[in-house]
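Beneath this line is the structure, given in structure tokens, with notes to follow.
Values below: all heavy atoms of this structure, side chains included; hydrogens, waters and symmetry mates excluded. Along the sequence shown, residues carry numbers from 1. Predicted, not measured: the structure shown is a model, and the values here were computed from it.
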Amino acid sequence: MNKSFLKHSWKPLTSVVIWGGSFIATKYLLSYLEPLAIILIRQILAVIFLTIIASKQKKSFSVNLHDHTYIFILSLIATFHLWIQLNGLKYTTASNTGWIIGITPVFMTLLGIIFFKEKITIIQLAGIAISFFGLILLISKGDFSSIDFISNKGDFLILASSFTWSVYSLVNKKISVHYSPLMTILFLFLMMSIILLPFTITRHNINSIQNLSFQSWIALIFLGIFCSGLAYVLWAEAMSEMQSSKVGAFLYIEPFVTVFTAWIILKEEITVLTMLSGIVIILGVILVNRK
């Protein structure tokens with residue numbers, strides 16, 4: 001392990017640890033706020049934080065309308081993704097969410113095969129099968145006959161959000177914008193906030209925000225400043241300093257952070273079956289990511 005890797009690895013590690021805690025903060029907030037209100041406040045806080053960072057780095061705030069068309073498309077997908085995810089979190093645990101989100105690379109591979117005629121190896125095919133087996137094991141809690149959309153709707157909504165994130169990732173990969181990563185994220189979050197405003201500014205949401213506790217605001221600040229702000233900046237820096245495959249490998253840590261943080265803060269139970277199911281999912285994803 002070279003010194004350069006050790007020097008820069010704290011950045012992706014910090015990012016995944018922060019992201020691993022995002023589901024816990026969101027799960028807590030869902031007792032007090034509607035999903036759209038959580039997303040909007042999170043994005044606004046992130047925009048403020050990223051604007052300060054961009055100003056300190058003397059970034060250009062000039063707007064390219066052609067690039068903004070792509071950012072608008074990405075913002076629609078990202079907003080829909082978060083809305084599905086937060087509604088799913090209402091009905092399932094943060095732990096399950098962490099494991100299910102981990103299956104996103106499998107969807108990315110499948111979409112690449114369908115729409116971009118990408119080739120797949122036998123090892124990747126086996127990884128897809130293993131990942132979905134682990135997913136079914138997780139959702140069913142070992143009883144495959146118990147799976148139905150009504151009782152497992154939270155897990156299925158999280159699975160749908162995993163799919164929408166894979167769509168976002170592939171669209172983002174195929175388009176090209178001329179902004180820096182920081183400015184791209186800033187404009188993306190600003191666009192998402194504009195899209196959300198008409199649907200979120202209601203008397204109910206305003207009253208809920210006014211009555212938030214100190215703990216709830218800490219959770220929102222964590223989501224906005226740390227999850228959508230700091231973690232994204234550190235991740236973008238890591239991607240420019242390290243090989244993308246090495247940076248991406250840190251994502252395997254995220255579900256474990258979520259599970260143990262949910263156990264400590266939300267008192268969610270850690271069962272042997274849940275851990276086994278999650279490890280099977282991650283094993284499958286590792287095989288899928290092998291070229």
_Intermediate values then yes/no, salt bridge (charged side-chain N to carboxylate O under 4.0 Å, His left out), E268 and K27_ = CA-CA 11 Å; E268 290 185 2; K27 181 72 174 177; 5.6 Å; no
*Might you work through the side chain to side chain donor-acceptor pair (under 3.5 Å) test for S166 and T104, ending with a clear yes or no?*
CA-CA 6 Å; S166 68; T104 300; over 6 Å; no
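Taking the ring centroids of F214 and W217, they lie at or beyond the 6.0 Å cut-off. A distance below 6.0 Å separates the ring centres of F256 and W99. Separation of the H178 and Y70 ring centroids does not fall under the 6.0 Å cut-off. W19 has its ring centre less than 6.0 Å from the ring centre of Y232.
Follow the hydrophobic side-chain contacts under 4.5 Å out from L283 and you never reach L251; the two are in separate clusters. Both I264 and L223 are members of a single hydrophobic cluster when ILVMFWY side chains are connected at heavy-atom separations under 4.5 Å. Under a hydrophobic clustering in which Ile, Leu, Val, Met, Phe, Trp and Tyr are joined whenever their side-chain heavy atoms come within less than 4.5 Å, directly or via other members, I139 and V272 fall into different clusters.
No hydrogens or angles considered: nothing links the side chains of N205 and T200 as a donor-acceptor pair under 3.5 Å. For the residue pair S60 / S62, a side-chain donor-acceptor distance below 3.5 Å is found, with atom types taken as modelled.
Two residues are said to be in side-chain contact when any heavy atoms from C-beta on lie closer than 4.5 Å; E237 and V233 meet this criterion. The side-chain heavy atoms of F189 and R42, taken from C-beta on, include no pair separated by under 4.5 Å. For the pair S193 and L40, the minimum side-chain heavy-atom distance is below 4.5 Å. Side-chain atoms of I71 and Y179, non-hydrogen and from C-beta on, do get closer than 4.5 Å to each other.
The distance from atom CG of L135 to atom CD1 of I103, rounded to the nearest 0.5 Å, is 4.5 Å.
The cationic atom of K174 (NZ for Lys, CZ for Arg) lies less than 6.0 Å from the six-membered ring centre of F116 and within 45° of the ring axis.
Summarising the geometry of S228 relative to L50, their closest heavy-atom pair is O-CD1, 4.2 Å, with the distance given to 0.1 Å. When all heavy atoms are compared, the tightest approach of F199 to T202 is O-CG2, 4.3 Å. The two residues T93 and N96 have their closest heavy-atom pair at OG1-N, 3.0 Å.
The aromatic rings of Y32 and Y28 sit tilted, their planes meeting at an angle between 30° and 60°. Classification of the F107-F132 ring pair by plane angle, with boundaries at 30° and 60°, yields perpendicular.
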